[in-house]
Student: 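My questions will all concern the structure given below.
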2 protein chains.
Amino acid sequence: MVKYMSADVLSKTFAALADPTRRAILSRLTSGEASVSEIAKPFSMTMPAISKHLKVLESAGLVARSKSAQWRPRKLNAAPMKEISEWLDQYRQHWEERLDRLDLYLAKLQQND
Amino acid sequence: MVKYMSADVLSKTFAALADPTRRAILSRLTSGEASVSEIAKPFSMTMPAISKHLKVLESAGLVARSKSAQWRPRKLNAAPMKEISEWLDQYRQHWEERLDRLDLYLAKLQQND
DNA sequence: CATGTACTTAACCATATAGTTATATAACCG
DNA sequence: CGGTTATATAACTATATGGTTAAGTACATG
């Protein structure tokens with residue numbers, strides 16, 4: 001069997017965001033840099049588990065790591081979310097109700113031809 | 001304020017969108033309903049694989065199934081994407097460069113107090 | 001330089017995911 | 001009814017994911 005397909009930017013970003021723990025970590029980082037221990041505090045899981053989640057977020061480019069004494073503070077990098085937001089834009093018209101109603105209306109007009 | 005959203009809906013939707021095959025299927029469905037065979041045609045994988053991807057998309061509510069003779073046409077339902085879009089909104093200021101620069105500027109002003 | 005603090009990595013386990021082939025179901029058509 | 005078309009499900013395999021505990025690394029400080 002062929003190795004698993006290469007994970008492009010969108011795939012990696014969506015996958016990183018698919019986990020509620022990771023989304024909570026990102027939310028925490030909106031209020032500024034935090035150490036791994038600080039990030040881990042609210043969660044009922046071990047530090048290595050948090051370390052792994054951070055690694056996923058870093059490899060998706062959503063979090064950046066720096067260095068300060070024995071601390072390795074993480075900071076939010078929302079840039080990859082922009083890719084997602086722009087990808088979503090092509091579907092916006094499909095979920096916006098007003099346009100859905102317009103579609104329906106136009107479809108009805110077509111039927112009456 | 002950020003509206004409450006079920007983490008499960010977000011997780012399921014993000015996970016469904018994390019696969020390029022599934023995103024391609026959704027893209028195909030923007031041009032209208034399609035049968036499973038039609039959906040499968042551009043892909044170099046078997047029908048059961050496509051069936052599974054469709055199941056994932058359906059369980060995330062991104063695709064709806066109907067029935068017409070021996071066909072089971074699928075149609076796009078973008079509604080869950082709206083949840084994602086709204087979730088992303090809380091990060092928009094973080095990726096918009098102009099605002100980041102403004103933040104930086106305001107921070108600098110604060111420092112000079 | 002020994003010890004504590006803040007992580008990270010390794011090894012392991014259970015479950016999920018993405019694919020396969022083979023078989024089953026469902027509807028139409030002669 | 002029997003065959004064909006369209007799709008679904010089952011059973012299996014390989015790899016990925018999310019957690020654990022235990023051991024390793026990096027820096028700070030007494």
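Only heavy atoms go into these numbers, but all of them, side chains included; no hydrogens, no water, no symmetry mates. Chain naming here is simple, since letters A, B, ... match the order of the sequence lines and numbering starts at 1 in each.
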Student: Starting from C1' on D/dG18, measure out to CZ on A/Arg22 and report it in whole angstrom.
Tutor: 9 Å
Student: Return the CG to OG1 distance between A/Leu17 and B/Thr13, rounded to the nearest 0.5 Å.
Tutor: 12.0 Å
Student: Rounded to whole angstrom units, what separation is found between the CE atom of A/Met47 and the P atom of D/dA22?
Tutor: 17 Å
Student: Tell me whether the OP1 or OP2 atom of C/dC7 has a side-chain N or O from A/Ser51 closer than 4.0 Å.
Tutor: no
Student: Which whole-number value in Å describes the distance from B/Arg65 CZ to D/dA6 C1'?
Tutor: 12 Å
Student: Can you measure A/Ile25 atom CD1 to D/dG19 atom C1' for me and round it to whole angstrom units?
Tutor: 14 Å
Student: In terms of the angle between their ring planes, are B/Phe14 and B/Trp87 parallel, tilted or perpendicular, with boundaries placed at 30° and 60°?
Tutor: perpendicular
Student: Flag yes if A/Met47 and A/Ile25 sit in one hydrophobic cluster, no otherwise; membership is Ile, Leu, Val, Met, Phe, Trp, Tyr, and two members link when side-chain heavy atoms are under 4.5 Å apart.
Tutor: yes
Student: Between C/dA16 atom P and B/Asp19 atom CG, what is the distance in whole Å?
Tutor: 18 Å
Student: D/dA6 P sits how many Å from B/Glu38 CD, rounded?
Tutor: 10 Å
Student: Please step through salt bridge (Lys or Arg N to Asp or Glu O under 4.0 Å) for the pair B/Glu58 and B/Arg74, ending with a clear verdict.
Tutor: CA-CA 9 Å; B/Glu58 282 155 40; B/Arg74 303 310 210 276; 2.5 Å; yes
Student: Return the nearest nucleotide to the side chain of A/Lys55; candidates are C/dC7, C/dT9, C/dT20.
Tutor: C/dT9
Student: If I take atom CG in residue B/Leu17 and atom P in nucleotide C/dA18, what distance separates them, rounded to the nearest angstrom?
Tutor: 12 Å
Student: Figure out the CE/P separation between A/Met45 and C/dC7, and round it to whole Å.
Tutor: 17 Å
Student: One character per nucleotide, please: for nucleotides 24-30 of chain D, 5' to 3', B when the base has a protein heavy atom closer than 4.0 Å, S when only the sugar-phosphate does, - otherwise.
Tutor: --SSS--
Student: How long is the span from the CG atom in A/Leu54 to the NZ atom in A/Lys52, to the nearest 0.5 Å?
Tutor: 12.5 Å
Student: Let me spell it out: for each of A/Ala15 and B/Arg74, pick the nucleotide of DNA chain D with the closest heavy atom. Which residue's pick is nearer the 5' end?
Tutor: B/Arg74
Student: Would you please test B/Arg23 and A/Asp8 for salt bridge (Lys or Arg N to Asp or Glu O under 4.0 Å) and show each step?
Tutor: CA-CA 12 Å; B/Arg23 291 197 304 278; A/Asp8 59 311; 3.0 Å; yes
Student: Taking the side chain of B/Thr46 as heavy atoms from C-beta outward, which of C/dT21, C/dA18, D/dT20 is closest to it?
Tutor: C/dT21
Student: Starting from B/Leu76, can I reach B/Val56 by hopping between I/L/V/M/F/W/Y residues whose side chains sit under 4.5 Å apart?
Tutor: no
Student: Tell me what A/Ser37 touches on the nucleic acid: a base, only sugar-phosphate, or nothing, going by heavy atoms under 4.0 Å.
Tutor: sugar-phosphate
Student: With nearest nucleotides of DNA chain D determined for A/His53 and B/Lys52 from heavy-atom distances, which residue corresponds to the more 5′ nucleotide?
Tutor: B/Lys52
